[in-house]
There are 2 protein chains.
Amino acid sequence: MVGEGNVRSHPAELISFGRDATPLHEGSADVVALPGSTAEVAAVVQVANRRGLALIPRGAGTNLAAATVPIGGGIVMSLTRMDQVLEVNRGEMLAVVQPGVTTAELGRAADRVGLFYPPDPGSRETCTIGGNIATNAGGLRGLKYGVTRDYVLGLELVLASGETIRTGGRLIKDVAGYDLTRLIVGSEGTLGVVTEATLALRPRPEASTTGVAYFAELAHAAAAVDAILAFGVLPATLEFLDDVCIGVVEDYAGLGLRRDAGALLLFGDDGTEASARLCVEQMAEICRAGGALEITTASQIAEAEDLLAARRCTLPALARVAPITILEDVAVPRPRLVEMVEAVAEITEKLGLACGTFGHAGDGNLHPTLLLERDDKRARQAAEQAVARIFAKAIELGGTISGEHGIGLTKKPYLVDQLGADHLALLQRVKTAFDPAGILNPAKLGS
Amino acid sequence: MVGEGNVRSHPAELISFGRDATPLHEGSADVVALPGSTAEVAAVVQVANRRGLALIPRGAGTNLAAATVPIGGGIVMSLTRMDQVLEVNRGEMLAVVQPGVTTAELGRAADRVGLFYPPDPGSRETCTIGGNIATNAGGLRGLKYGVTRDYVLGLELVLASGETIRTGGRLIKDVAGYDLTRLIVGSEGTLGVVTEATLALRPRPEASTTGVAYFAELAHAAAAVDAILAFGVLPATLEFLDDVCIGVVEDYAGLGLRRDAGALLLFGDDGTEASARLCVEQMAEICRAGGALEITTASQIAEAEDLLAARRCTLPALARVAPITILEDVAVPRPRLVEMVEAVAEITEKLGLACGTFGHAGDGNLHPTLLLERDDKRARQAAEQAVARIFAKAIELGGTISGEHGIGLTKKPYLVDQLGADHLALLQRVKTAFDPAGILNPAKLGS
């Protein structure tokens with residue numbers, strides 16, 4: 001159905017497609033299919049449906065919640081061959097793409113016609129739009145620009161039955177029927193297979209500026225973030241690194257970061273030359289008034305990118321210092337951010353685990369990253385305990401167990417703690433409405 | 001369950017609650033309940049569920065698609081008594097409100113703390129947030145700020161079973177579970193009863209500026225709109241009126257509008273004093289280059305409001321010249337706007353119907369308004385034919401039969417033409433997942 005050359009069944013391949021970017025989780029595919037068209041996707045889904053075979057759709061496999069791990073085997077369907085940007089329309093400010101297009105590639109295609117695709121997950125050079133839609137991917141610009149959900153106008157979707165439908169379209173305003181488009185966003189491949197997406201673009205900002213402020217303590221940085229937002233600006237970037245992250249990033253990239261600081265705050269904005277500069281100057285002034293140890297601002301896009309690099313290379317830098325890094329992804333209301341970060345430090349210390357925390361201070365989304373010396377039973381148990389306590393704290397603070405990475409396999413046991421039994425039962429009924437036989441990415445969301 | 005004084009059963013009241021703002025459509029309630037709390041809503045829903053009684057939730061009844069008309073009788077539940085703004089949080093930039101709060105009231109509550117709620121449906125002084133959520137209400141700022149969906153962070157929802165759940169919360173980033181929050185937005189009271197909403201707010205723009213340009217023909221105005229967006233600005237307002245609307249608005253409000261123009265384009269932006277002025281100057285220049293007959297710009301908010309008044313009073317002005325006005329609500333991709341407006345003129349002329357068209361040029365959402373001399377059989381038949389042909393044309397142009405008013409009873413027969421049978425069947429399965437007995441707003445969306 002997909003052509004001889006587009007099927008993988010060699011044991012080594014089945015093992016590699018049995019994993020994604022989540023450590024300590026693996027399954028094994030029975031077979032891997034790489035369809036090249038919507039018709040081929042539909043044909044494979046029809047067979048899976050008729051025979052009751054599990055079908056696990058995936059993109060680049062950068063998922064961090066084991067959402068694309070074929071835990072019970074089945075057909076792994078990789079959409080990476082469907083990688084065409086079908087249209088970039090400057091007049092309508094939208095793009096039509098296949099699911100295998102990477103986020104960065106879409107960004108470049110938009111840039112070529114003076115437009116801009118705001119969502120920018122950390123893995124943007126590798127991850128695909130299909131995966132971004134499946135997880136409602138966020139990134140560094142969420143506060144000002146929102147997340148993937150806010151840019152999906154329409155979808156082509158192959159249902160579990162093999163039927164192909166279209167949801168939404170090319171319009172900002174369209175209320176004909178239930179909003180299935182946004183229901184599919186974040187559904188982690190459990191409700192259908194996205195074979196085409198129509199995405200809203202925005203005019204490319206004329207300029208972009210960034211600054212860095214060092215603080216003695218994270219609490220001071222968080223207070224500065226609150227002051228910035230209370231001042232009435234909504235900047236494109238408000239990111240933080242704790243002292244552990246500053247150290248490993250400096251070891252890794254040698255950007256000349258200040259090792260004696262307790263926290264680094266990265267702030268930036270885009271817009272017109274003047275508005276972006278004004279906003280960054282205002283934020284720098286607020287940081288100064290908030291007791292920052294030192295402040296650097298960059299007016300050139302190249303310099304700004306250098307500063308952003310400090311933030312973007314945090315994960316690889318952490319990954320280098322420990323054989324196993326467990327990257328978590330909780331979010332809390334912004335005023336509770338410090339409380340959450342302090343709780344993470346206390347929980348991990350008690351369990352004798354090393355941990356670095358960084359994240360999106362503007363939208364309260366943080367990434368505590370557990371650093372495991374090696375994969376032994378004790379370390380895994382300690383990590384599991386730490387994660388459970390971090391989730392409980394996030395929920396206690398009115399937050400969520402996943403801000404942008406998804407539920408997958410790793411967080412499924414904790415979902416009921418956040419949503420409650422009635423809500424969870426409703427999710428299962430919605431799943432059944434889409435996939436009565438439960439063939440799409442089984443044992444994940446909705447099952 | 002709701003208290004003696006909060007039940008309506010007098011024939012006159014049952015008749016008035018049997019209607020909304022949709023002409024030529026009426027049902028009759030068997031009884032009207034006005035609950036004062038989530039617990040009272042849940043109690044009434046439980047009884048309706050146990051006895052299999054229809055329950056039709058409604059707010060202020062400004063709906064234009066007969067979505068709140070109790071066509072088969074049943075319990076009409078008015079949420080207008082639940083009208084409290086529970087919280088406006090400047091630090092988190094959000095508000096928590098009961099469903100009966102009007103859109104304008106929320107706007108004023110946000111304004112008091114220097115914040116801003118962008119969605120502004122024409123009926124904002126009367127319509128309620130509950131109704132805005134049920135219809136995913138839009139308004140004049142959709143192009144730059146999006147619609148109601150883009151501001152709903154979390155909901156408290158009473159399900160058909162009487163269970164109360166919470167979806168989402170106070171976070172911009174939250175991917176724990178399927179996105180039921182946005183599925184409820186636009187579901188027209190068929191999936192649950194919203195009893196509380198958490199809504200995102202934005203910093204209040206420092207300034208707002210508006211301008212008006214007259215063109216000999218609508219095609220010239222539309223070309224100017226395309227040129228404005230191609231220039232790379234994303235303004236807050238881009239509205240148009242055709243010649244019929246200009247005439248009736250001038251008769252009604254005497255604003256000194258130019259009667260010899262074929263079209264009026266209202267353009268505006270907000271932001272900093274400087275950025276808003278610059279944007280409006282650029283748009284004025286583009287209109288001048290596009291052959292505008294005359295251009296006026298207003299730099300003071302008061303003057304700007306006067307210009308916006310021309311747009312806001314279009315519907316009442318049209319309503320005054322004919323006993324029956326049928327306000328339609330199609331949207332098409334922006335480049336097809338002129339084609340759509342010309343098709344509307346041709347269709348209505350052929351059928352001997354008077355019609356004025358106005359709408360949101362920026363997002364391709366237009367409101368052809370049929371003016372019926374009186375309610376006789378011939379007029380109604382002609383209007384029905386016109387509406388059917390207008391919908392067919394919108395779909396043909398890649399548009400939608402409803403941009404912001406919803407499907408209700410009036411558009412239900414046409415929904416399959418836009419979505420197709422497979423998609424419609426899926427909507428019905430989703431409805432069943434939420435409301436197995438079909439008690440919530442029956443005979444509407446999902447049934």
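The chains referred to below are lettered A, B, ... by the order of the sequence lines, with proteins before strands, and numbering in each begins at 1.
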By ring-ring contact (aromatic ring centres under 6.0 Å, His included) - contacts of B/F391 (at least two apart):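 Listed in chain order: B/Y414.
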
What is the distance from atom CG of B/N365 to atom CD1 of A/I172, rounded to the nearest 0.5 Å?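 Rounded to the nearest 0.5 Å, the CG-CD1 separation comes to 10.0 Å.
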
Once rounded to the nearest 0.5 Å, what's the spacing between atom CD of A/E404 and atom CG of B/D174?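 With rounding to 0.5 Å, CD (A/E404) is 11.5 Å from CG (B/D174).
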
Test side-chain contact (heavy atoms from CB on, under 4.5 Å) applied to A/K173 and B/H360, step by step: CA-CA 10 Å; A/K173 288 176 171 176; B/H360 317 291; 3.1 Å; yes

When [options] are compared by non-hydrogen pairs under 4.5 Å with chain B, the top option:
| options | value |
| --- | --- |
| A/G232, A/G271, A/A176 | A/A176 |
| A/I401, A/L180, A/T190, A/D226 | A/L180 |
| A/R334, A/M93, A/R149, A/Q418 | A/R149 |
| A/P335, A/G420, A/G138 | A/P335 |
| A/P333, A/G142, A/G186 | A/P333 |
| A/L415, A/L171, A/L229 | A/L171 |

Any sub-3.5 Å donor-acceptor pair from A/Y178's side-chain atoms to B/L445's backbone N or O?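 Present.
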
Is there a donor-acceptor contact under 3.5 Å from the side chain of A/H423 to the main chain of B/R166?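 Indeed, once roles are kept as given, a pair shorter than 3.5 Å links the two residues.
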
Using a cut-off of under 4.5 Å on heavy-atom pairs, state which of [options] scores highest against chain A.
| options | result |
| --- | --- |
| B/I407, B/L183, B/D422, B/L419 | B/D422 |
| B/V332, B/I184, B/I165, B/L157 | B/I165 |
| B/L143, B/T400, B/L424 | B/T400 |
| B/G91, B/G169, B/G177 | B/G177 |

Can you check whether anything in residues 425-435 of chain A gets within less than 4.5 Å of chain B, heavy-atom wise, and list it by number?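 From residues 425-435 of chain A, the residues near chain B are A/L426, A/L427, A/R429, A/V430, A/K431, A/A433, A/F434.
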
Select one option (side chain, backbone, both, neither) describing which atoms of [X] are under 4.5 Å from chain A's heavy atoms.
| X | value |
| --- | --- |
| B/L159 | side chain |
| B/K144 | backbone |
| B/V113 | neither |

Is chain B contacted by the side chain of [X], its backbone, both, or neither, given a heavy-atom distance below 4.5 Å?
| X | value |
| --- | --- |
| A/S187 | both |
| A/S402 | both |
| A/T181 | neither |

Go through the steps to decide whether B/R202 and A/L234 satisfy the test side-chain contact (heavy atoms from CB on, under 4.5 Å), and finish with yes or no. CA-CA 8 Å; B/R202 304 189 130 243; A/L234 202 60; 3.7 Å; yes

Residue pair B/R182, A/D179: steps toward the salt bridge (charged side-chain N to carboxylate O under 4.0 Å, His left out) verdict: CA-CA 7 Å; B/R182 280 87 197 180; A/D179 190 349; over 6 Å; no

